[in-house]
Amino acid sequence: MTRQKIQIKKIDNIAARQVTFSKRRRGLFKKAHELATLCDADIALIVFSASGKLFDYSSSSMHELLGRHNKLPEVNNFCQPLSQMEKSVCANLREEFAAKNKELRHMKGEELEELGIEELKQLEKLLEIGLNRVLETKDEKFLKEIDAVKEKEALLMKENQRLRNRVRALNRDEQEQQAVGVGGSSLGSKSITSNSSSSPNPSSQDCDDISLKLGL
């Protein structure tokens with residue numbers, strides 16, 4: 001059996017109306033989700049039932065989408081008909097914009113065939129002035145970089161000199177400690193030798209005493 005086409009009008013039966021509202025609401029939110037996913041669209045839906053209950057759906061932040069919606073009237077104000085003065089100002093701005101674009105293309109070396117001799121000479125002067133400014137700016141930047149490198153070099157030289165002085169001081173301290181150690185050991189050996197030579201041999205003294213007693 002084919003589905004019968006439902007006449008679009010208010011449903012008098014309250015129960016049937018509530019069932020239809022629930023089904024159509026879910027279908028509407030489903031279609032909104034499909035549209036947002038397939039077309040990368042930002043969608044916000046707000047639905048109030050007959051009893052005043054709120055149902056909503058948003059593909060992203062509902063707050064952000066409502067903020068964008070609230071800004072639309074301010075944007076639409078620009079779409080209102082312009083006055084004669086505003087039209088003339090817009091026309092002048094368009095002409096100036098077109099002239100600046102053409103001048104920029106000429107500066108790039110494009111569409112030079114439409115220029116005359118005098119215009120080409122004037123363009124050449126403008127290019128020379130611009131080139132001189134570029135060269136001056138480049139030279140200034142080079143000089144600044146050179147000065148910065150020189151300052152860095154001076155700092156490195158100072159740091160190297162400080163490290164050399166520190167290494168020399170450490171070497172002197174080490175040499176002095178070694179000299180003190182060698183001097184102390186030599187003095188100790190001399191004192192031991194003198195003590196051994198000055199102290200009498202106890203065995204020789206005993207022999208002398210025995211000789212005297214025997215009358216030898």
Side-chain angles (χ1 to χ4, degrees), residues 33 35-44 58-80 82-187:
H33 175 70
L35 179 60
T37 304
L38 294 174
C39 302
D40 194 19
D42 291 331
I43 298 175
S58 62
S59 59
S60 58
S61 174
M62 176 66 75
H63 181 72
E64 293 179 359
L65 293 177
L66 290 177
R68 289 170 59 183
H69 177 268
N70 294 332
K71 291 179 181 178
L72 282 178
E74 300 177 1
V75 177
N76 291 331
N77 290 333
F78 292 100
C79 299
Q80 296 178 357
L82 300 177
S83 62
Q84 189 64 30
M85 181 186 299
E86 291 173 341
K87 289 181 180 178
S88 62
V89 171
C90 289
N92 293 332
L93 290 175
R94 290 192 190 97
E95 292 178 358
E96 185 177 357
F97 181 73
K100 292 298 181 182
N101 277 336
K102 183 181 288 187
E103 183 179 352
L104 181 60
R105 289 194 297 271
H106 292 163
M107 296 287 287
K108 291 181 179 179
E110 301 174 358
E111 301 179 4
L112 299 178
E113 294 81 6
E114 60 184 14
L115 299 179
I117 299 298
E118 295 298 329
E119 293 175 342
L120 289 173
K121 289 182 179 179
Q122 185 177 2
L123 179 61
E124 184 180 5
K125 289 180 181 180
L126 290 175
L127 291 173
E128 288 178 354
I129 293 172
L131 180 61
N132 291 331
R133 290 178 180 175
V134 170
L135 293 175
E136 290 176 359
T137 304
K138 185 182 70 173
D139 293 339
E140 289 178 359
K141 289 186 177 294
F142 276 150
L143 292 175
K144 288 181 180 179
E145 291 181 358
I146 291 171
D147 293 338
V149 170
K150 287 182 178 179
E151 291 179 0
K152 188 175 181 179
E153 182 183 4
L155 292 175
L156 290 175
M157 291 179 66
K158 289 181 180 179
E159 183 66 17
N160 289 335
Q161 186 63 35
R162 186 183 68 82
L163 292 174
R164 290 193 187 97
N165 294 334
R166 186 175 179 182
V167 171
R168 290 172 183 172
L170 291 174
N171 291 332
R172 284 198 301 269
D173 294 340
E174 185 178 358
Q175 291 176 359
E176 290 176 357
Q177 291 177 359
Q178 291 177 355
V180 169
V182 172
S185 61
S186 62
L187 290 173

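The structure displayed is predicted, hence computed values, not measured ones. One-based numbering along the sequence shown.
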How far does [atom1] of [X] sit from [atom2] of [Y], to the nearest 0.5 angstrom?
{"X": "L38", "Y": "H33", "atom1": "CG", "atom2": "NE2", "result": "9.0 Å"}
{"X": "F97", "Y": "N101", "atom1": "CZ", "atom2": "CG", "result": "4.0 Å"}
{"X": "E174", "Y": "R172", "atom1": "CD", "atom2": "CZ", "result": "12.5 Å"}
{"X": "M107", "Y": "L104", "atom1": "CE", "atom2": "CG", "result": "8.0 Å"}
{"X": "E136", "Y": "D139", "atom1": "CD", "atom2": "CG", "result": "8.0 Å"}
{"X": "R168", "Y": "R166", "atom1": "CZ", "atom2": "CZ", "result": "15.0 Å"}

Hey, does [Y] have a side-chain heavy atom less than 4.5 Å from the side chain of [X]?
{"X": "E151", "Y": "L155", "result": "no"}
{"X": "R68", "Y": "D42", "result": "yes"}
{"X": "E96", "Y": "N92", "result": "no"}

Considering non-hydrogen atoms only, spot the tightest contact between S59 and A41 and give its length.
OG-O, 3.5 Å

Using every non-hydrogen atom in the two residues, find where S58 and S60 come nearest and quote the distance to one decimal.
OG-O, 2.9 Å

For E153, is there an ion pair with K150 - N to carboxylate O distance below 4.0 angstrom?
no

Show me the donor-acceptor pairs within less than 3.5 Å that the side chains of residues 112-135 make with the rest of the protein, sequence neighbours left out.
| from | atom 1 | to | atom 2 | distance (Å) |
| --- | --- | --- | --- | --- |
| E114 | OE2 | H106 | NE2 | 3.0 |
| E119 | OE1 | G116 | N | 3.1 |
| N132 | ND2 | E128 | O | 3.1 |

State which residues pass salt bridge (Lys or Arg N to Asp or Glu O under 4.0 Å) with R164; sequence neighbours excluded, sorted by chain then number.
none

